[in-house]
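In what follows, chains carry the letters A, B, and so on, assigned in the order in which the sequence lines appear, proteins first and then strands, with residues in each chain numbered from 1. None of these values were measured; they are calculated from a predicted model.
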Amino acid sequence: MNSRKIRNLLVLAAFSCMAVLINCGGSSSNTGFKVRAQNFAFGFDGSLLFVGDTSVQAFWLFDNGAAQGQTKFFGPALCVGGPCNVSDGRVPATWRIIPQNGACIQFLAPLDRNVTAGSTQVAKCLVSAFASFAASPDSIDLLNPPATVTVTGSGISGGYGMPVIQYYDQYSGVLVASTTASNIAADGSWLQASTPDLSSVYTGAYNIVISNVAADGTLELLGAAPISAWNRDPAVCCDPPPDPPPCGENRECTIN
Amino acid sequence: MNRRYAVLALLLIGSALVTGAVFVAGGRLVRGQSQSNATENSHSLARINDKAGRITGSDEAAIRSLTDEVFNGFDSSQAPAGTVDAIKERLVRAEINYRAGVGKGVSEFGIVRMHNLLAGKLGVPDYAMTNVFEVRRFEMNALPYIPNLIGRSNAAKAIGSSFNATLSPIQAFSIATLLMQQKLYNEDYQVTQAEWVAKHGGNHATKEKNPSNGGKSEKPRSREIDEAIERGAGSLRSAELLNLPGAALDALGIERNEGRTKP
């Protein structure tokens with residue numbers, strides 16, 4: 001094979017490779033789009049928590065202009081780790097994108113939306129709010145704290161020792177106070193504990209974490225309840241600790 | 001003339017290998033897509049919690065079952081054969097050793113290190129990075145849903161100590177991957193430290209180590225992260241891409257082993 005033929009083959013291969021690379025970035029079709037559905041729940045700090053993917057169904061409602069594509073219905077399908085392709089989905093058009101989840105309390109994104117070619121449509125479903133434990137009172141005046149705090153929930157047990165109640169700063173995740181329950185319900189539905197020393201606690205949001213004591217003395221985390229504290233404004237608090245240094249080449253970062 | 005064309009051919013072959021590595025090992029290892037006609041939920045916190053609750057002692061089968069469930073959230077079917085199995089095996093062995101009292105725990109800072117190593121390598125935006133406060137906040141927010149996973153703690157904890165300073169290997173890996181999912185999919189976690197503080201009352205100091213880019217993007221942050229991951233994975237050398245999972249476990253603090261449980 002002479003050098004001219006080799007050159008032509010290499011140029012052809014170069015164009016082929018470039019075409020593959022360009023095409024790998026996605027289709028340039030005028031039809032089709034992607035869909036997925038996700039479940040969310042509320043966290044203590046009021047933020048949403050992604051809890052997992054769920055099945056999605058989508059169907060076309062009407063065109064928005066000169067739409068193309070023959071597909072007007074999709075699913076139900078479970079799209080894990082990434083959206084599903086609605087091949088030849090008719091666009092631009094208004095579609096209804098629905099999480100197929102019987103436990104959906106509230107839809108967090110509009111079901112009916114204008115879908116354009118190549119777009120990704122994500123349906124979001126609120127499945128539950130945290131409701132495992134609740135504190136009473138749920139707000140503490142730091143200059144006049146209550147004598148006791150009652151926490152309601154389930155699974156509370158004194159089998160190996162009275163349950164432990166730990167107060168964590170919701171911002172930093174640092175333990176600020178700890179106490180032990182003084183009374184618990186026979187059915188495990190509530191406990192009462194003296195309010196711990198909160199003299200170094202400042203105004204802010206906290207989580208009361210409730211744990212049963214296990215046979216080996218460790219704590220079995222049961223759940224948590226949000227609580228707020230007020231009337232002692234802080235010195236402005238703290239950045240997170242700096243990022244840990246990288247590990248050395250071929251060296252683990254294990255705890256010694 | 002022949003030498004020039006030989007070099008050009010080598011470059012083309014090399015670029016094909018990188019392209020293959022990006023889409024087989026890189027992009028699909030981080031996120032991917034699989035579709036089934038099942039109608040039940042997948043990779044919910046409830047399933048992870050259930051499997052975590054079935055582990056007693058160093059029960060290898062139960063540990064493997066939990067490990068498999070954690071991986072269900074990522075479509076690993078496109079990854080090179082053996083890569084995912086090797087990661088799982090390392091995790092399972094480390095967890096067995098830890099529960100047997102011969103292996104090492106993982107620091108909560110390991111989660112930060114692993115997350116930010118991957119985020120840094122892929123060049124994601126600042127708001128996709130994490131810090132130890134965010135790790136703790138995530139754990140506490142997720143506690144009602146995964147109490148079995150977060151598990152047990154020592155009774156004697158000093159005031160000022162962290163919510164969960166030392167974790168088991170599979171706990172740490174699970175928390176790390178769940179937090180990554182929050183960064184990928186959840187707007188409430190796609191925030192910098194300063195943005196979180198501002199949203200929650202603003203009475204905490206914060207210095208942005210990596211200030212957000214000026215100007216608000218009109219793109220959803222999930223899309224920005226997706227695009228950054230695609231670009232970042234494409235910029236990595238194939239060897240670096242393929243070594244990334246092992247490097248991530250090193251950064252997390254998961255012991256390497258030869259597959260033998262230590263005596």
Side-chain angles (χ1 to χ4, degrees), chain A residues 3 6-7 10 13-14 17 20-21 24 38-39 41 43-45 47-55 76-84 100 130 132 164 168 171-176 207 213-214 217-224 234 236-241 243-244 247 252-255, chain B residues 1-2 5 8-9 12 15-16 19 31-39 41-45 73-75 104-105 107 109-110 112-113 116 131-133 136-137 140-144 147 150 152-155 157 159-163 181-182 185-186 188 204-207 250-251 253 255-256:
Chain A
S3 61
I6 293 173
R7 184 194 65 191
L10 289 173
C17 206
V20 169
L21 286 170
C24 285
Q38 299 173 328
N39 287 335
F44 290 109
D45 60 359
S47 63
L48 285 171
L49 202 65
F50 168 73
V51 295
D53 295 304
T54 190
S55 298
L78 181 60
C79 312
V80 176
C84 295
Q100 293 293 295
F130 63 86
S132 55
V164 172
Y168 285 92
Y171 167 69
S172 64
V174 168
L175 181 67
V176 299
N207 293 331
V213 180
T218 58
L219 301 182
E220 291 178 335
L221 299 174
L222 281 182
V236 177
C237 166
C238 46
D239 279 332
D243 281 3
C247 308
E252 301 157 25
C253 292
T254 53
I255 298 175
Chain B
M1 186 76 81
N2 285 341
Y5 294 137
L8 179 59
L12 289 173
S15 69
T19 305
R31 64 178 179 86
Q33 162 195 328
S34 70
Q35 177 179 333
S36 75
N37 291 325
T39 54
N41 295 340
S42 170
H43 190 53
S44 67
L45 296 182
F74 298 95
D75 179 15
K104 296 174 182 172
S107 164
F109 286 93
V112 177
R113 187 165 34 228
N116 289 348
N131 59 71
V132 77
F133 283 5
R136 294 171 186 169
R137 284 198 295 269
M140 284 194 283
N141 278 335
L143 178 59
I150 294 180
R152 298 188 174 193
S153 70
N154 291 327
K157 272 181 114 173
I159 299 299
S161 60
S162 161
F163 174 67
Q181 288 193 318
Q182 303 306 317
Y185 306 134
N186 188 347
D188 281 357
H204 298 288
T206 184
K207 296 182 198 125
D250 288 345
E255 285 184 294
R256 296 184 182 197

Is chain A contacted by the side chain of B:N116, its backbone, both, or neither, given a heavy-atom distance below 4.5 Å? side chain

What I'd like to find out is whether the side chain of A:V174 reaches to under 4.5 Å of the side chain of B:R136, using heavy atoms alone. yes

Closest heavy-atom pair and its distance - A:Y168, B:M140: CB-SD, 3.6 Å

Return the CD1 to CG distance between B:I159 and A:L175, rounded to the nearest 0.5 Å. 4.0 Å

For A:A224 and B:L143, the nearest pair of non-hydrogen atoms, with its separation, is CB-CD2, 3.9 Å

For the atom pair CD (B:Q181) and CZ (A:F50), what is the distance rounded to the nearest 0.5 Å? 5.0 Å

Nearest heavy atoms of A:L221 and B:F163, plus distance in Å: CD1-CZ, 4.4 Å

Should A:S47 and B:N141 count as side-chain neighbours, where that means a heavy-atom distance under 4.5 Å? yes

Got a donor-acceptor contact below 3.5 angstrom from the B:R137 side chain to the A:G173 backbone? no

